[in-house]
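Here is the structure we will look at, set down as structure tokens.
Order of appearance sets the numbers: ligands from 1, and atoms from 1 within every ligand.
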Amino acid sequence: MNEQISAASLYDRVARVIPKAEWMGFQDDVEAILELKRKRNAVILAHNYQTPEIFHGVADIVGDSLALARKAMEVEADVIVLAGVHFMAETAKLLNPEKTVLIPDMAAGCSLADSITPEDIALLRKAYPGVPVVTYVNTSAAVKAASDICCTSGNARQVVESLGVPRVLMLPDEYLAKNVARETNVELIAWRGHCEVHELFTADDIRELRESHPGVTVLAHPECPPDVVEAADFSGSTAVMSDYVGRERPARVVLLTECSMSDNVAVHHPDVEFIRPCNLCPHMKRITLGNIRTALEENRHEVTVDPAIAVAARRAVERMLEV
Ligand code: 13P
Ligand code: SF4
């Protein structure tokens, strides 16, 4: 996508959210990454929470977790660099076992993925015999392999209802499960996992925002606590929030989610005022232009999935993509 573009000409895209002096510091890495992508026949998949110099500067494919999984299946390049967190890179590898998948920092984890193990799922299956297990993609490949089907925040209700059963174990995000439970007649049994970024938002934050910024439209990610989602005007995955802003063009908006989202969406909507209380994801922020460049130069860190779990994990992801 960026192949014939120079770093200097790319600045126009991000001028609204990156000061020129800061961009000058990025230019060398951007030029080097564009060249390395050509040389290595590589593509960069970037999540909506990546910083704008990555998202708008070097990424080929951007989106929410669902879009990244879907688009990972269509990649024809030899190398995929996942600018996001480890579970996303594992999902890309599951769907592209023959390709080299790199993550610039192996420590880019996720509090939700850390909250549950395959052993926990085995215990839950004993406690709830015959109840299908739906796991959020924010989990390890081993947990996916122990599940019946995956979901993302963009398709959770559809996945749960596609099973045609009255009761489902929906793991590991307690708040996502409770938020989806309000939209469906299927009984959802939840786990106690939380996103360390979204659990920090409160309904009081929303009340204060509405007082200090009259007329503001409040969008909340479904990983937020249920009382926050209830107090918001709209809730959806990162891609759904971005689409909402493009469609509805609210005069003032706040996105209760990770901080880079507003920057990335604001680039396309100069007419919308973005109010910026937000929370940083320390895992997403481990990815930088510098370590993307090193990943491509030194072919690191290669993501692999144990063949003993890869088939079952891939099946759970593919079942989701078929819904
Ligand atoms: P989505 O982009 O699928 O909404 O996920 C948000 C998230 O927290 C990913 O880590
Ligand atoms: Fe995990 Fe939350 Fe960070 Fe997403 S924002 S990677 S769910 S900790």
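- Near Glu223, with a cut-off below 4.0 Å to any heavy atom, the atoms of ligand 1 are 6 (C), 7 (C), 8 (O).
- Distance NE2/His268 to CZ/Arg13: 9.0 Å, rounded to 0.5 Å.
- Counting only residues at least two apart or in different chains, disulfide (SG to SG under 2.5 Å) contacts with residues 174-273 comprise Cys259-Cys278.
- Environment of CE in Met24: sparse, with no more than 12 heavy atoms of neighbouring residues, nucleotides or ligands closer than 6.0 Å.
- For ligand 1, one of its N or O atoms has an N or O atom of Thr238 under 3.5 Å away.
- A search for ring-ring contact (aromatic ring centres under 6.0 Å, His included) contacts involving His86 returns nothing, not counting sequence neighbours.
- The residues Arg125 and Asp148 are annotated as salt-bridged, a charged nitrogen and a carboxylate oxygen being separated by less than 4.0 angstrom.
- Under a 4.0 Å heavy-atom criterion, Asn138 is in contact with ligand 1.
- For Asp64, heavy-atom contacts with ligand 1 shorter than 4.0 Å involve the backbone as well as the side chain.
- Ile116 belongs to a hydrophobic cluster with Ile121, Leu124, Tyr128, Val131, Val133, Val143, Leu169, Leu171, Ile189, Trp191, counting contacts under 4.5 Å between side-chain heavy atoms of Ile, Leu, Val, Met, Phe, Trp and Tyr, direct or through other members.
- A salt bridge does not link Lys71 to Asp60: none of the charged side-chain nitrogens sits closer than 4.0 Å to a carboxylate oxygen.
- Here the protein contributes Cys195 SG as N, O or S atoms under 2.8 Å from atom 2 (Fe) of ligand 2.
- Between Trp23 and Phe26, the ring planes are perpendicular. Angles over 60° get that label, and only those under 30° would be called parallel.
- Ranking protein heavy atoms by distance to atom 3 (O) of ligand 1, first place goes to Ser65 OG, 2.9 Å.
- Contact annotation for His47 and ligand 1: only side-chain heavy atoms (C-beta onward) come within less than 4.0 Å of the ligand.
- Within a 6.0 Å radius of CG in Asn41, other residues, nucleotides and ligands contribute more than 12 heavy atoms.
- Of the heavy atoms in Val85, none comes closer than 4.0 Å to ligand 1.
- Look at Glu161 and Arg157 and you find a salt bridge, because one of the NZ, NE, NH1 or NH2 atoms lies within 4.0 Å of a carboxylate O, short of that distance.
- Residue Ser237 has no nitrogen or oxygen atom sitting less than 3.5 Å from a nitrogen or oxygen atom of ligand 1, judged on distance alone.
- Within the 4.5 Å cutoff, no side-chain heavy atoms of His283 are placed close to those of Asp114.
- Electrostatic pairing of Glu322 and Arg319 does not count as a salt bridge here, judged by no charged N lying under 4.0 Å from a carboxylate O.
- Under a 4.0 Å criterion applied to the non-hydrogen atoms of Met284, ligand 1 contributes the atoms 10 (O).
- Residue contact check: Met88 has heavy atoms under 4.0 Å from atoms 9 (C), 10 (O) of ligand 1.
- Heavy atoms of His221 approach ligand 1 to within less than 4.0 angstrom.
- Close contacts between ligand 1 and Ser153 involve ligand atoms 1 (P), 3 (O), 4 (O) [criterion: under 4.0 Å to a heavy atom].
- Those atoms of ligand 2 that come under 4.0 Å of a heavy atom in Tyr49, given as number and element, are 5 (S).
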